[in-house]
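All remarks here apply to the structure that follows.
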Amino acid sequence: MKRMWLRWVLMGLFVVALGFTFVSLGQWQLDRLDQRRDRNANVVTHGQAPVVTFEDAFSHVITEQDQWQRVEVSGTFLPEPQLQARYRSHNDETGWELVTPLVTTGGQVVLVDRGFVVRPASKDFPKVFPAPPSGEVHLVGYVRRNEQGSTTAMTPTENTVRLINSDAIAAWLGRPLVNGYLSLISVDPPQSDGLIPLTPPELTEGPHLSYAMQWFAFAAIAGFGLVVLIRNDVRDRKKARAKAAASASSGPAADPPQDPIEADASPTPPTTHPDA
């Protein structure tokens, strides 16, 4: 019995740890669902709001709540250096994005993601990038916060980068940049063909709710499995005891006692006498 109790305790501890992990993963998916809903509401709110000036939008550190706000600004693109943001995706296609610094009429420098370029699987990344429009331009773009990741991913190498982070790129450029960057919607005069403007994310809640329910179901299944295991152990132990009791009661029968009269009537061996 002690061994069985030890088995139950160990299995119980394992199921508790497993259930805690499953519930935590489910809660994580619910948190992601809340973030997705907040982002969707933010996109809708900014999409319905009027276009704001650059000075109003970039007067502070850009946060998630600022993303996808429409901004208008005038300035001049710096033809060099341009950055190729590699390994990007857009509308289920992979490719790269072209980032060009813009000096605003107010003298500030902001990074502008001029658009997405599809990269065929059979081709390498190009080394020559489309030139920006020359002279003063007027553009409208989406506010974007800095992307976060490893220092290697955020620091440019030979005019290529993985993540767009104005702080890391400013250190590489050797000149100050405003926090965050712009995703180009339109520019006048227009830029060259081939650059696809980025759009806000699709307004869906994704699979987070179904994933959360799956993790919670796994936790419930683990707990139910422990109950079934203990129940089967108890049932098997009862069956084993009943079988042992039945075997003891049906053991070999003892010889019946001999009747005393019959014992006296039994013949006795003859007695021999020596000759006189």
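Since the structure is predicted, the reported quantities are computational estimates derived from the model, not experimental observations. Only this structure's heavy atoms are used, side chains among them; waters, hydrogens and symmetry mates stay out.
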*Hphob cluster co-occupancy, V52 + Y142, side-chain heavy atoms under 4.5 angstrom*: no

*Hey, are the side chains of L33 and E205 touching, using non-hydrogen atoms and a 4.5 Å cut-off?*
yes

*Apply salt bridge (Lys or Arg N to Asp or Glu O under 4.0 Å) to E202 and R39, showing your working.*
CA-CA 10 Å; E202 187 178 0; R39 188 198 67 182; over 6 Å; no

_R145 vs E64, test: salt bridge (Lys or Arg N to Asp or Glu O under 4.0 Å). Steps then yes/no._
CA-CA 7 Å; R145 66 170 175 79; E64 186 68 29; 2.6 Å; yes

*Would H46 and R70 count as a side chain to side chain contact (heavy atoms under 4.5 Å, CB included) if you check the C-alpha gap in whole Å, the side-chain angles of each, and the deciding distance to 0.1 Å?*
CA-CA 7 Å; H46 287 321; R70 292 176 299 165; over 6 Å; no

*Look at the aromatic rings of F129 and W96 and report parallel, tilted or perpendicular, splitting at 30° and 60°.*
tilted

_Sidechain-backbone polar pair: D66 side chain, T63 backbone, donor-acceptor under 3.5 Å_ = yes

*Just how far is it from atom CG of N159 to atom CD of Q82, taken to the nearest 0.5 Å?*
8.5 Å

*Without swapping roles, check the side chain of T76 against the backbone of V103 for a donor-acceptor pair under 3.5 Å.*
no

*Counting only heavy atoms not in F125, do more than 12 sit closer than 6.0 Å to its CZ atom?*
yes

*Kindly say whether R36 contributes a backbone atom to a donor-acceptor pair with the side chain of R32 at under 3.5 angstrom?*
no

*CZ-CD1 distance between F216 and I221, expressed to the nearest 0.5 angstrom*: 13.5 Å

*Please indicate whether R231 has more than 12 foreign heavy atoms, meaning atoms of other residues, nucleotides or ligands, lying under 6.0 Å from its CZ.*
no

*Spacing of L209 atom CG and Q29 atom CD [to the nearest 0.5 Å]*: 9.5 Å

*Using only heavy-atom distances, determine whether the side chains of D113 and S183 contain a donor-acceptor pair under 3.5 Å.*
no

*Could you state whether V178 and L184 fall into the same hydrophobic cluster, counting links through intermediate Ile, Leu, Val, Met, Phe, Trp or Tyr residues with side-chain heavy atoms under 4.5 angstrom apart?*
yes

*Answer with yes or no whether the hydrophobic clustering places F224 together with W8; edges join I, L, V, M, F, W, Y residues whose side-chain heavy atoms lie under 4.5 Å apart.*
no

*Answer yes or no: does atom CZ of R175 have more than 12 heavy-atom neighbours from other residues, nucleotides or ligands under 6.0 Å?*
no

*For the pair S150 (side chain) and A153 (backbone), establish whether a donor and an acceptor sit closer than 3.5 Å, ignoring hydrogens and angles.*
yes

*Has the side chain of Q191 got a donor or acceptor atom that lies under 3.5 Å from a matching backbone atom of R114?*
yes

_What I want to find out is whether E97 reaches R162 closely enough, with some N-O distance under 4.0 Å, to be called a salt bridge._
no

_Passing option when M11 is tested against I230, V16, L229 for side chain to side chain contact (heavy atoms under 4.5 Å, CB included)_ = L229

_Under 3.5 Å donor-acceptor, N165 side chain and M154 backbone_ = no

*Got a donor-acceptor contact below 3.5 angstrom from the T160 side chain to the T157 backbone?*
yes

*Any side-chain heavy-atom pair from P200 and W68 closer than 4.5 angstrom?*
yes

*asked:* Let me confirm one number: the CD1-CH2 distance from I169 to W172, rounded to the nearest 0.5 Å.
replied: 8.0 Å

*asked:* Can you list everything that forms a ring pair (Phe, Tyr, Trp, His ring centres under 6.0 Å) with F218? Sequence neighbours excluded, please.
replied: F22, W215

*asked:* If the test is side chain to side chain contact (heavy atoms under 4.5 Å, CB included), which one of V187, L102, V137, L98 qualifies with V112?
replied: L102

*How long is the gap from CZ on F58 to CG on L182, to the nearest 0.5 Å?*
4.0 Å

*Are V99 and I185 grouped together when hydrophobic residues (ILVMFWY) are joined by side-chain heavy atoms under 4.5 angstrom apart?*
no

*Nearest 0.5 Å please: distance from the CG atom of L6 over to the CG atom of L10.*
4.5 Å

*asked:* Is it the case that over 12 heavy atoms from other parts of the model lie below 6.0 angstrom from the OH atom of Y211?
replied: no

*Please test S24 against W28 for side chain to side chain contact (heavy atoms under 4.5 Å, CB included), starting from the C-alpha separation and ending with a verdict.*
CA-CA 6 Å; S24 297; W28 173 63; over 6 Å; no

*Determine, using the 4.5 Å side-chain heavy-atom cutoff (strictly less than), whether I62 and V43 are members of one ILVMFWY cluster.*
no

_Non-hydrogen side-chain atoms of L177 and V110 separated by less than 4.5 Å_ = no

*Using only heavy-atom distances, determine whether the side chains of T53 and D56 contain a donor-acceptor pair under 3.5 Å.*
yes

*Would you say the side-chain atoms of T104 pair up with the backbone N or O of Q108, donor to acceptor, closer than 3.5 Å?*
yes

_Before you tell me yes or no, could you show the steps for V228 and N232 under side chain to side chain contact (heavy atoms under 4.5 Å, CB included), namely the whole-Å CA-CA distance, both residues' side-chain angles and the distance that decides it to 0.1 Å?_
CA-CA 6 Å; V228 171; N232 290 342; 3.6 Å; yes

*N179 side chain to D167 main-chain N or O, any donor-acceptor pair under 3.5 Å?*
no

